[in-house]
Protein chains: 2
Amino acid sequence: MPEISPDPFAAQLRAAAVKVTRPRLRVLAVLSRATAALTHSELEEQLADSPQGILDRVTLYRVLDSLVECGLAQRTLDARGVYRFLSSSVQARHAAHAHFHCQRCGGITCLEQMEVPVADLPAGYSARQVDIEVRGVCAACAPLSGAA
Amino acid sequence: MPEISPDPFAAQLRAAAVKVTRPRLRVLAVLSRATAALTHSELEEQLADSPQGILDRVTLYRVLDSLVECGLAQRTLDARGVYRFLSSSVQARHAAHAHFHCQRCGGITCLEQMEVPVADLPAGYSARQVDIEVRGVCAACAPLSGAA
DNA sequence: CCGCAAATGCAACCCTGTTGCAAACAGGTT
DNA sequence: AACCTGTTTGCAACAGGGTTGCATTTGCGG
Ligand SMILES: [Mn+2]
Ligand SMILES: [Mn+2]
Ligand SMILES: [Zn+2]
Ligand SMILES: [Zn+2]
């Protein structure tokens with residue numbers, strides 16, 4: 001009787017035809033717990049707090065690359081030009097509405113009341129994704145806007 | 001009789017209530033000659049080639065900041081996460097419609113028929129810009145889609 | 001022409017992301 | 001179970017874009 005714990009993340013990795021490794025499992029776990037897209041450094045921090053201790057910076061970059069490449073995660077840019085990562089299942093929940101990108105702190109806020117339109121494209125073009133990105137300064141950063 | 005050459009860039013700066021300085025005039029000149037958004041290093045290069053010689057890297061960053069802040073230029077991110085700067089007059093021509101970003105060739109196509117909505121934001125948030133980015137595969141690339 | 005705040009230039013620094021390479025490992029083969 | 005091989009990990013060093021501190025210069029209003 002093999003004690004195969006039915007780890008859903010391991011199953012996802014196997015289904016995606018990539019090796020099941022400790023770092024990948026850890027990153028996948030954090031990503032799927034997250035409600036918003038996380039930067040590399042946010043992930044690094046959350047991973048460091050876990051009982052398993054820190055995960056090498058470069059390894060994290062490479063794990064994220066592999067997850068994006070096999071389709072288990074998505075990579076986007078925030079308003080500061082920093083990459084953010086989110087699990088594909090989370091991504092699906094955000095495809096239908098607009099997002100606010102704070103140009104000061106890089107934070108992203110859902111604008112559920114702004115729905116994305118259907119793409120209206122020239123012949124021959126096909127859309128995979130439509131993003132509405134509103135850029136500006138969020139409520140938390142507004143007070144600091146005057147500051148030097 | 002003061003020999004005031006009617007420099008349009010100087011006038012723009014005065015109208016924007018910022019000091020008229022040599023670096024700002026130089027940058028404004030390059031930006032308004034450009035047809036597309038330029039990165040910091042592209043600007044640096046073009047400036048270095050001019051008879052006036054190189055402009056300090058940091059000064060260029062600060063000049064660009066001041067032009068953006070006073071509304072004479074706009075800052076956007078390219079697909080690599082690098083800032084690009086363009087004069088406001090060029091930007092204005094593209095602010096009202098969506099853009100298609102081909103995921104295969106990287107090309108950008110204006111979707112004039114898709115107009116950007118007015119931002120609908122929570123209290124405290126302020127928008128500077130709304131972008132609709134449609135991602136997919138363009139007509140030229142569609143036939144090649146099967147290729148590895 | 002003065003005075004002062006704003007802008008410049010230079011050096012040093014920070015942060016995000018990448019590359020090279022040796023050691024460790026996953027997962028299939030014997 | 002031991003073995004093999006390509007993948008992945010970890011560490012160090014690097015690269016590029018962008019920022020900060022500070023002394024010096026300059027625009028410009030008085
Ligand atoms: Mn959302
Ligand atoms: Mn356009
Ligand atoms: Zn913010
Ligand atoms: Zn294309």
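Within every chain, numbering begins at 1; the chains are lettered A, B, ... in the order of the sequence lines, protein sequences first and strands thereafter.
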Given atom [atom1] of [X] and atom [atom2] of [N], what is their separation to the nearest angstrom?
| X | N | atom1 | atom2 | value |
| --- | --- | --- | --- | --- |
| B:D65 | D:dT20 | CG | C1' | 13 Å |
| A:D56 | D:dA12 | CG | P | 9 Å |
| A:R26 | D:dT9 | CZ | P | 11 Å |
| A:R104 | D:dT19 | CZ | C1' | 14 Å |
| B:H40 | D:dG16 | NE2 | C1' | 11 Å |
| B:E44 | D:dG16 | CD | P | 12 Å |

Modelled atom types, side-chain donor and acceptor of B:Q52 and B:R22, under 3.5 Å: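 Distance-only check passes for B:Q52 and B:R22.
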Hydrophobic cluster identity match, A:V116 and B:F100, side-chain contacts under 4.5 Å: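 Hydrophobic grouping puts A:V116 with B:F100.
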Gap between atom [atom2] of [Y] and atom [atom1] of [X] - 0.5 Å precision:
| X | Y | atom1 | atom2 | result |
| --- | --- | --- | --- | --- |
| B:Q46 | B:L55 | CD | CG | 13.0 Å |
| A:D120 | B:E115 | CG | CD | 10.5 Å |
| B:L86 | B:R75 | CG | CZ | 12.5 Å |

Nucleotide interval of DNA chain C bounded by contacts with chain B (heavy-atom cut-off, under 4.0 Å):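 That gives a stretch of C:dA5 to C:dA11.
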Close residues, residues 67-87 of chain A, relative to DNA chain D [heavy-atom separation under 4.0 Å]: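 Contacts with DNA chain D under 4.0 Å: none.
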B:R62 (side chain) and D:dG21 (base): donor-acceptor pair under 3.5 Å: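 In this structure, the two groups form a donor-acceptor pair.
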Toward the 5' end of DNA chain C, by each residue's nearest nucleotide, B:V58 or B:R24: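 Looking at the nearest nucleotide for each, B:R24 comes out on the 5' side.
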5′-ward residue of the pair B:R57/B:P23 relative to DNA chain C: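 Closer to the 5' end of DNA chain C: B:P23.
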With sugar-phosphate meaning primed atoms plus P, OP1 and OP2, does [X] contact a base, only sugar-phosphate, or nothing at under 4.0 Å between heavy atoms?
| X | value |
| --- | --- |
| A:T59 | base |
| A:L55 | sugar-phosphate |
| B:V20 | sugar-phosphate |

Near-ring test A:H99/A:H97, centroid separation under 6.0 angstrom: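 Centroid distance A:H97-A:H99: below 6.0 Å, so yes.
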Pair A:R24 + A:E69: basic N to acidic O under 4.0 Å: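 A:E69 and A:R24: not salt-bridged.
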First of A:V18 and B:R22 reached from the 5' end of DNA chain D, by closest nucleotide: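 So the residue in question is A:V18.
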Distance-minimising heavy-atom pair for B:P122 and A:Q113: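 Reported closest heavy-atom pair: CD-NE2, 4.3 Å.
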side-chain hydrogen bond (donor to acceptor under 3.5 Å, both in side chains) partners of A:Y61, counting only residues at least two apart: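 By the side-chain hydrogen bond (donor to acceptor under 3.5 Å, both in side chains) rule, A:Y61 matches no residue at all.
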